[in-house]
Amino acid sequence: MKIIDMHCDVPMKLLLDETLSFTREADMDVTLPRLRKGGAKLQYFALYVPEHIPPTLRFQAVLAMVIKVQDQILAERDIKLIRSKKDYDMLEDGEIGAILSLEGCDCLQENLSNLRTLQSLGVTAVGLTWNYANVYGDGAKEPRNAGLSLQGKKLVTYIKEEEMLLDLSHLNEAGFWDCLELGGRVFASHSNCRALCETPRNLYDSQVQALIKRDSLIGITFVPQFLHLGRPAAIQDIIRHIDHICSLGGEKNVGFGSDFDGIDHHVTGLTSFDRYPLLIEELQLHFSEEQVEGFAFRNYERVLLK
Ligand SMILES: [Zn+2]
């Protein structure tokens, strides 16, 4: 089964540990051998600047991660940077697409030309915040729960005009609704259902329904504490969250955003990308082949490749 995955944190790992190699299977959850074994067709590589890096060095850190991606990932013959549907359609059998996404815009230092630079380097998806507030808006764990700032609204308008994808996964609820009002190509790359697991990183039913209504996409994430609280998460928990979205009418709006390499704990049995076939097998016991293909890649192709 072809797999499209909307979130992993490999660039951050490569930035923080010089000894890691993308081609050495066991080095990370997502490596080239693991992508091949798992059936990857398209993998997002998030550019997330770790919290300890000071404000003045954060844009430099993003550039350093892009260079890591160029040198270690895109240098591989079978991996191709994807900027458009055309790029994706040109992938040959056995080739894997890579999408660069920015996770948190504080690194832009309020300078739009920094985003233009990242666009020129291949970034095509943008999330405004990580978990906390920045000049553009409040993240999911910011208790203030304010909507977007004027700067944030301007940035969203720019992202919309440029037809980049706007990732709502880390935004707080007020910011989420602001973004929907402003329009554009929104999606949630790695979030689950708050009705089943109460954490501010998950989406309320009203948010899930709004994304379904816009025919957008929700990437089910494998972060154990976003699947189930108080005990280790299992593949059954992933199925519960997918079932819930389906019950709200969203079977054509489900995808995956594993968060591999951004997590310290894993869903039992789902420890790295090459374990995707295990998940697919379980899904095939509960859903039709058409539905499973939808979750794995077709929903993404239909909704976000335009
Ligand atoms: Zn994240």
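All ligand and atom numbering here is 1-based and tracks the order in the structure.
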Backbone of Ala133 reached by a side-chain donor or acceptor of Arg144 within 3.5 Å: no

Minimum heavy-atom distance between Phe22 and Val10, given as atom pair plus value: CD1-CG1, 4.3 Å

Within 6.0 angstrom of Gln225 CD, more than 12 heavy atoms from elsewhere: yes

Main-chain N/O of Asp274 paired with Arg34 side-chain donor or acceptor, under 3.5 Å: no

Polar protein atoms near the Zn ion (ligand 1) [N, O or S; cut-off under 2.8 Å]: Glu103 OE2, His170 NE2, His190 NE2

Backbone of Glu25 reached by a side-chain donor or acceptor of Thr31 within 3.5 Å: yes

Side-chain H-bond candidate by donor/acceptor type, Asp167 with Ser189, under 3.5 Å: yes

